[in-house]
Amino acid sequence: MNISSFHPPQRTLMGPGPSDVNPRILEAMSRPTIGHLDPEFVRMMDEMKTLLQYAFQTKNKMTMPVSAPGSAGMECCFVNLVEPGDKVIVCQNGVFGGRMKENVTRSGGTVIAVDDEWGDAVDPAKLEVALKANPDAKIVAFVHAETSTGALSDAKTLVELAHRYDCLTIVDAVTSLGGVPVLVDEWGIDAIYSGSQKCLSCTPGLSPVSFNEAAVRKISQRQHPVQSWFLDLNLVMAYWGEGAKRAYHHTAPINALYALHEALVILHEEGLEDTWKRHQKNHLALHAGIEAMGLAFIAQEGERLPQLNTVTIPEGVDDAAVRDALLQDYNLEIGGGLGALAGKAWRIGLMGHASNKTNVLLFLGALDSILTGMGAKINRGIAVQAANDFYA
Ligand code: PLP
């Protein structure tokens, strides 16, 4: 067997995540590993909490990264907040709402399902019907930015509604954080989780979470121990909690945390508002090119995620062949459809560092050329110009 060091190819990552990682972040990751209780590391952790509070727009003390990917952040919220017997309303409009249901059941809770069409935002009216029919419900959970469909839901309205019926809220912001406004305190979100590898453009494997006082109260009043030892916040906070005295819980992923710290410094330098504007501008340029080509978006106008564009595959076009040509000929990755949209849609990410004019023009030119070569029925040769006209 001929085994040697692994050198991955240089790709442009325009799928549903991971997104292109800023070289500054990769450099930060290669700095010397120090101990997870080293005073210098603890200082960096405190700074990281402040930076995460900025990203989430919150003053929540319980704000930190879970040492595992977004799925662990999801699980952390559910295992800590759901007690056996709790009724939890889960709004599902794509793949990830389905995972929330799984988490409720595995935590011993009962799911009340509110289903919307894949591609639509969560409908507040349907949620209100469920809240009225289930006055004993304790929690409402929904995905803010459905990565499987490209739909953005109105988190502010959904949280307001949940609170009117005395429910806490769990919000999935894996794809939304850093790409569109996520205003945890202003909207009153009780528990939220995200991921490092989408609009924060960091390496995958960390999940920022934040819990407000109401959520912390529910956790501290639990009758049953949290079923997961690793994700039990009562234990995790011995390491991530306030004060200089930190106790060992698990060996933190030191260098991965340097990377997240750098990603958050970059976000802070650009400023949240300018980051959101950049995502919107590049989305609109991509949209101009896609429409000029004659292709359609799955999500409706006003509910579209700027960082994740879901586009219908033209009739007769081989999904896998197009994605393969993008990868082989242009070193460019986009995503295929998930679940109900498998084989029917492409998912084009413009997340974080990858949300830029060069990527938009590269992708449109590449797609135009590949589809033209396959004889697909599109408006040929005008997509790049349409995007350029938008930028001009
Ligand atoms: N929630 C949403 C909306 C996601 O898009 C993803 C990943 O794509 C996850 C949860 C799970 O995150 P991870 O793959 O980092 O575990």
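One-based numbering, in listed order, for ligands and for the atoms of each. Note that these values count all heavy atoms, side chains included, but never hydrogens, waters or copies made by symmetry.
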message: Under the rule for side-chain hydrogen bond (donor to acceptor under 3.5 Å, both in side chains), what residues qualify as partners of His261, not counting sequence neighbours?
response: Glu47
task: Quick one: list whatever passes side-chain hydrogen bond (donor to acceptor under 3.5 Å, both in side chains) with Lys156, sequence neighbours left out.
output: none
Sorted by chain and number, the residues that approach ligand 1 to under 4.0 Å with a heavy atom: Pro69, Gly70, Ser71, Phe96, Val143, Ala145, Thr147, Asp172, Val174, Thr175, Gln197, Lys198
field: Non-neighbouring partners of His268 that pass ring-ring contact (aromatic ring centres under 6.0 Å, His included), sequence neighbours left out
entry: Tyr54
field: Face-on cation placement of Lys357 at Tyr391 ring, 6.0 Å and 45° thresholds
entry: yes
query: How about Trp346 and Asp319: does a side-chain donor come under 3.5 Å of a side-chain acceptor?
result: yes
- request: Compute whether any side-chain donor of one residue and acceptor of the other, for Ser176 and His144, lie under 3.5 angstrom apart.
  value: yes
